[in-house]
Participant: 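Below is one structure. I have some questions about it.
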Amino acid sequence: MSWARLLKRVFKIDVTKCQYCKGDVKVVAAILEKSAIEKILNHLGIPTELPPITPARAPPQMEIEAFYQIPSQDFNDF
């Protein structure tokens, strides 16, 4: 399945049709050279390196005192 058909199927985006006139769109150029891509991204101020992949974190856990709403005690009152 082509990338265009996948985009249409998953995101309901038809990249083969112009969003303004609904005419057919075709690829006129594809930049594949890494140095050219880096020059373009640098010119646009877009990072050329991927962000580091970090492991997913566990969901935040409630503190037991917050769950049971245990009031704090001041032991100086006794």
Participant: According to a 4.5 Å side-chain heavy-atom criterion applied to Ile, Leu, Val, Met, Phe, Trp and Tyr, with indirect links allowed, do L6 and F11 form part of one hydrophobic cluster?
Facilitator: no
Participant: Nearest 0.5 Å please: distance from the OG atom of S2 over to the NZ atom of K8.
Facilitator: 10.0 Å
Participant: Roughly how far apart are T16 OG1 and R5 CZ, rounded to 0.5 Å?
Facilitator: 10.5 Å
Participant: Without placing hydrogens or testing angles, list every side-chain donor-acceptor pair under 3.5 Å for residues 23-46, not counting sequence neighbours.
Facilitator:
{"residue": "D24", "atom": "OD1", "partner": "K17", "partner atom": "NZ", "Å": "2.6"}
{"residue": "E33", "atom": "OE2", "partner": "S35", "partner atom": "OG", "Å": "3.1"}
{"residue": "N42", "atom": "ND2", "partner": "E38", "partner atom": "O", "Å": "3.1"}

